[in-house]
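Structure first, then comments.
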There are 2 protein chains.
Amino acid sequence: MSYSIGQVSEKLSISPYTLRYYDKEGLLPFVDRNDAGRRRFKDNDFNFLEVIMCLKEADVPVKQIGDFIDLCMTGDTTLQARYDFLTEHEQALEKKMAQLQHTLDFLRWKKWYYKTALQAGTESIHYLPGTNHVDPAVHVEFEKLVANGASPEELGKLA
Amino acid sequence: MSYSIGQVSEKLSISPYTLRYYDKEGLLPFVDRNDAGRRRFKDNDFNFLEVIMCLKEADVPVKQIGDFIDLCMTGDTTLQARYDFLTEHEQALEKKMAQLQHTLDFLRWKKWYYKTALQAGTESIHYLPGTNHVDPAVHVEFEKLVANGASPEELGKLA
DNA sequence: ATAGTTTCTAGAGCTGACTCTAAGTCAAGC
DNA sequence: GCTTGACTTAGAGTCAGCTCTAGAAACTAT
């Protein structure tokens, strides 16, 4: 069973332009061609494509994905290097997810800030008296609620 | 207390170029200028900068961050819109984190694939007999281990 | 006062990742 | 045989998000 670039494009929701671009960048050296020079993807190629999409999702630059594919094509001598490559990006991803959790918590504190402002009808309840500058005590209050067991997610929810 | 662009750059580890670029894009309308036209950041401005960096971290495009800052400058009539904006990006971020968890699990299954190949000294243990195509049963085996309570993270770890 | 550092603006340049155009090839249906 | 549509290449164009340059003005330290 083999697939044209259009069929692969359809299956993976990637434009044929992008697939050709990946090929040009050396990400698809495993793809065969027919007599007319047209790309014929095999079933096994989807394993590679899956890895490529995974690494893209993990924000690995196209060039580095190409390096990994090169390792794959070289054979068993690169097994350790491939393992190390994946470990490196696993760690980067873990770090990123921790960072995003931080970001999410910040977003939720800001939601609580606006929720309470909405309930008061004005943001000025959060300002230092006589200014339009936020009172640092407001964030402290939020942190206190969280420390007492409230979840940031729930605190941000509008009734 | 006020801060020059260089001091802010230092504090937040953002280049002055980038700060000026953000200003040009309308992200910093709250920043004052001195008589000579130089930017003077106030303590309160760091609240805005914190929000800007948070939204950047959440992959919100610069233009949309500008829209949010515009809402902030407009006053209490936009409280609901600001709350909704944050909710929208909270949801996008939750979705993204779920996707990244998927990606992480995939990375770990591939680590296990290479770990077992390394232990065997060759990737060919995963191939269908007489081919260099991966046997789909290999992934099934991994999934079985996970279903039986093994953690993908541990399975991928080299002894 | 002067040298060195920092800042200012406008605008050019860069990078990554596509995205498309042009001109041509090939396969399928009428 | 001829049209239609999917494919090919090389190379140009686009977009976001910086990043830097040039030339002028303004602080800072001696």
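Naming convention: chains lettered A, B, ... in sequence-line order (proteins, then strands); numbering from 1 in each chain.
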Look at all strands and tell whether A:Arg40 reaches a base, only sugar-phosphate, or nothing, counting heavy atoms closer than 4.0 Å.
-> nothing
Per nearest nucleotide of DNA chain C, the residue lying toward the 5' end, A:Pro61 or B:Arg33, is B:Arg33
Could you tell me the separation between the CD1 atom of A:Ile5 and the C1' atom of C:dT25, rounded to a whole number of Å?
-> 15 Å
Worked verdict on A:Lys144 versus A:Glu141 for salt bridge (charged side-chain N to carboxylate O under 4.0 Å, His left out) = CA-CA 5 Å; A:Lys144 232 177 257 169; A:Glu141 187 189 342; over 6 Å; no
Side chain of B:Lys63 (C-beta onward), nearest among D:dG17, D:dA16, C:dT7 | D:dA16
B:His89 ring center near B:Phe85 ring center (under 6.0 Å) | yes
To the nearest Å, how far apart are B:Leu19 CG and C:dT6 P?
-> 15 Å
Measure the distance from CE on B:Met53 to P on D:dG17 and round it to the nearest whole Å.
-> 13 Å
Integer-rounded Å distance: C:dG11 P and B:Glu25 CD | 15 Å
Tell me whether the OP1 or OP2 atom of D:dG5 has a side-chain N or O from A:Arg38 closer than 4.0 Å.
-> no
Phosphate-side-chain proximity, A:Thr18 and C:dC18, N/O vs OP1/OP2 below 4.0 Å | no
OP1, OP2 of D:dC18 versus side-chain N and O of B:Lys56: anything below 4.0 Å?
-> yes
From CZ of B:Phe41 across to P of C:dT7 the rounded distance in Å is 10 Å
Starting at atom CG of A:Asp23, determine the distance to atom C1' of D:dC7, rounded to an integer number of angstrom.
-> 13 Å
Does a side-chain N or O from B:Lys24 land closer than 4.0 Å to OP1 or OP2 of D:dA16, or not?
-> no
Classify the nucleic acid contact of B:Pro16 as base, sugar-phosphate or nothing, counting any heavy atom under 4.0 Å across all strands shown.
-> nothing
Whole-Å distance, A:Tyr21 OH to D:dC7 C1', equals 21 Å
May I ask you to say what B:Ser15 touches in the nucleic acid, namely base, sugar-phosphate or nothing, with a heavy-atom cut-off under 4.0 Å?
-> nothing
Please determine if B:Arg108 and A:Glu94 form a salt bridge, counting it only when a charged side-chain N lies under 4.0 Å from a carboxylate O.
-> yes
A:Tyr17 side-chain proximity, nearest of D:dC20, D:dT8, C:dT21 | C:dT21
Can you tell which of B:Asn132, B:Thr116, B:Asp135 makes a side chain to side chain contact (heavy atoms under 4.5 Å, CB included) with B:His126?
-> B:Thr116
Between A:Arg20 and B:Asp35, who's closer to the 5' end of DNA chain D by nearest nucleotide?
-> A:Arg20
A:Arg39 side-chain N/O to D:dT8 phosphate OP1/OP2 under 4.0 Å | yes
Within less than 4.0 Å of OP1 or OP2 of D:dG17, is there a side-chain N or O belonging to B:Tyr22?
-> no
Whole angstrom is fine here: how far is it from CD1 in B:Ile14 over to P in D:dG17?
-> 15 Å
What's the spacing between A:Tyr3 OH and A:Asp45 CG if we round to 0.5 Å?
-> 10.0 Å
Cation-pi check, A:Lys11 onto A:Phe41 ring (under 6.0 Å, within 45° of axis) = no
